[in-house]
2 protein chains.
Amino acid sequence: MNAVSPFKPATLHDVARAAGVSLITASRALGNPGVVSAKTIEKVQAAVESTGYIPNLLAGGLKSKRSLMVGGIVPALSVSQFLPTVQALTTELAAAGYQLILGQTAYDAEREESVLNTMIGRQPDGIVITGLVQAQRARDRLRRSGIPVVETWDLSDRPIDMVVGFSHLKVGSAVGGYFLGKGWQRIGIASGDDHRARMRRDGFQTTIGRELPTAFVPAPSSLELGRRALGELLAKDPRLEAICCSSDQLAHGVIVEALARGLRVPQDLAICGFGNADFGAYTVPSISTVHVDGAEIGRLAARLIVDRCRGETIANPIVDLGFRMIERQST
Amino acid sequence: MNAVSPFKPATLHDVARAAGVSLITASRALGNPGVVSAKTIEKVQAAVESTGYIPNLLAGGLKSKRSLMVGGIVPALSVSQFLPTVQALTTELAAAGYQLILGQTAYDAEREESVLNTMIGRQPDGIVITGLVQAQRARDRLRRSGIPVVETWDLSDRPIDMVVGFSHLKVGSAVGGYFLGKGWQRIGIASGDDHRARMRRDGFQTTIGRELPTAFVPAPSSLELGRRALGELLAKDPRLEAICCSSDQLAHGVIVEALARGLRVPQDLAICGFGNADFGAYTVPSISTVHVDGAEIGRLAARLIVDRCRGETIANPIVDLGFRMIERQST
DNA sequence: CTGTTAGCGCATTCAT
DNA sequence: ATGAATGCGCTAACAG
């Protein structure tokens, strides 16, 4: 082991010298081995071993215009809805040699813009955003940057570039239709105060056909907020029969609070969530919900970016992944 | 708005020309405004606006040796234990102008090494790892890279560089002591199969003073696995009085399963978790657990890295954040 | 197959 | 307070 000092990491130059070849040959042996003789590759690889060389991807990216990084932007990592997406994104990108740079907007338009700017400054080969970018300025900037962009977890006719998601309005309508079919009259809503939850609520109310008592809770939602939300709703109308919740966390909280108050679920109070969180099938009662394939959103987004980077044309830049209702014990 | 073509993003060169100053003056006006006259700064900023200039951080980093990126490595994003850490890390780093690059090891030593290598290649100004790096090769490589490294969520006398965490062995002992104090005799363990959960189990068993029936579940743990684990444990010993779980998710599942089987919690079966997950205080019964300040781990790790980058000397590179037991209804 | 030349976009010397 | 030159580490283009 011909270790190099800790303060001067080996460069490709050192590798080339150790292998007795030119700089560019060493570069090719590592990055494009098809064009180099087997013997040379061996020598170079031995040199890499002995020098402990690790390629400087910053330098490579500067020249080649491929940084092998993809930016991922979420409101907050704790929004468990998005976790499977970020996880799948990271995994799928890693498989293609890309790495994810994370940005959090904290549901704040200003922060979103500043996050986007530093993102763009890192010359990522793609950007994946949970939700649609609202600010027109930011949309223009992204479009002009020429970086492939995938907006996710929503749908739009005119995305910045590409979009993978589903219609929140339709989700709301579908749940509304389900509630109508059950014949429930006294209906309440527990909803996060973010854009997408509000959209689902709109779709739900439109289908039900009237304004409904609503408890808004600050995003991200949680079991605790669900408990509080039910308290609020029952204060508005103690005889509610059914609650539509904007997440399974919220629904879980509503269930726990209902049981704690001696209500039977679903006989006295029916409860529906959203997101098909992993625990929902295993609570007692299990939680009826709307399934959305968050991991698939991440995988698809990754693939769109990678394909685009390979110069392929994207047949369909607007992907509707849909959703499906899952009926369990809570309704 | 003097927009530039989407295919040729403005460089600092363009800004300098538009402002009628030299390249370096423009550079200083943006990066080191104290040394430049107010009038020049204004001209440069106007030029930035009109050209839509966004600094290329790759190029800046290449020259300045400060990439303003920090690598973060987790087994999997879905391990909710680590979420507050990653979230706080991202937020705290962003405040100091750094961004996080995410790597997932999937609890796999080989993947860990390859993730570390590409990480190092990106010249991050620091690396934060959840857990201690096990492979000696990887430890050497990290140490030799000269990059500040913070290992977290564990403790060691000889970290690669710095470490912020707590002793899992002591956590196990503390919970064991608590169980002994309660006088429970027939005790079972539901544990994740990862390194740290096993350490806590070791500490627990040592304090209890004997081998205990254990149900191992694959990490990451979940409510579902908790239900299954209780089934397994009761099959081994139907008269168990108390269960020690390696996470609150697992504990929640054990509680749900116990209630579903008609057992009263804690009268028939006492249950203790670990991690103080957000829902644990609001379930019925609420979950006794061990609190660890995951967010603080992230904040501290960020600060250590940032301080080190500023050239400050770290007074104490080994930080024990400790833990505390929280007694709730489930015991 | 291999090597030479010329930058990528910026910040750190030095100079003025 | 400003500017000119130089090179960070690497790869794309062209040569041989």
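Residues forming a side chain to side chain contact (heavy atoms under 4.5 Å, CB included) with Thr85(B) (at least two apart in sequence, or on another chain): Trp153(B), Ile297(B). For Ser22(B), the side-chain hydrogen bond (donor to acceptor under 3.5 Å, both in side chains) test picks out Thr25(B), with sequence neighbours left out. Residues passing the side chain to side chain contact (heavy atoms under 4.5 Å, CB included) test with Val306(B), sequence neighbours excluded: Leu93(B), Ala96(B), Tyr98(B), Arg310(B).
Comparing the end axes of the helix from dC1(C)-dG16(D) to dT16(C)-dA1(D), each fitted to five base pairs by superposing C1' atoms of four pairs onto the next four, gives an inter-axis angle of 30° (nearest 10 degrees).
In this structure, of dA11(C), dG9(D), dT4(C), it is dT4(C) that holds the atom nearest to the side chain of Ser22(A).
Whole-Å rounding puts the Lys63(B) NZ to dC8(D) C1' distance at 5 Å. The separation between Lys65(B) atom NZ and dG7(D) atom C1' is 10 Å, rounded to whole Å.
Under 4.0 angstrom from either OP1 or OP2 of dC1(C) there lies no side-chain N or O belonging to Thr40(A). Between Arg66(B) and the phosphate of dT12(C), there is a side-chain N or O to OP1/OP2 separation shorter than 4.0 Å.
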Donor-acceptor pairs under 3.5 angstrom involving side-chain atoms of residues 33-40 of chain B: please list them, not counting sequence neighbours.
{"unit_1": "Ser37(B)", "atom_1": "OG", "unit_2": "Thr40(B)", "atom_2": "N", "d": "3.3"}
{"unit_1": "Ser37(B)", "atom_1": "OG", "unit_2": "Thr40(B)", "atom_2": "OG1", "d": "2.7"}

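A heavy-atom distance below 4.0 Å to DNA chain C is reached by these residues of residues 24-38 of chain A, ordered by number: Ile24(A), Thr25(A), Arg28(A), Val35(A), Val36(A), Ser37(A).
For the residue pair Asn117(B) / Arg141(B), a side-chain donor-acceptor distance below 3.5 Å is found, with atom types taken as modelled.
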Dump the intermediate steps for side-chain hydrogen bond (donor to acceptor under 3.5 Å, both in side chains) on Ser78(A) and Gln87(B), then the final yes or no.
CA-CA 7 Å; Ser78(A) 57; Gln87(B) 168 130 11; 3.3 Å; yes
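Of the two residues contacting DNA chain D, namely Gly61(A) and Val21(B), the nearest-nucleotide position lying further toward the 5' end is that of Val21(B).
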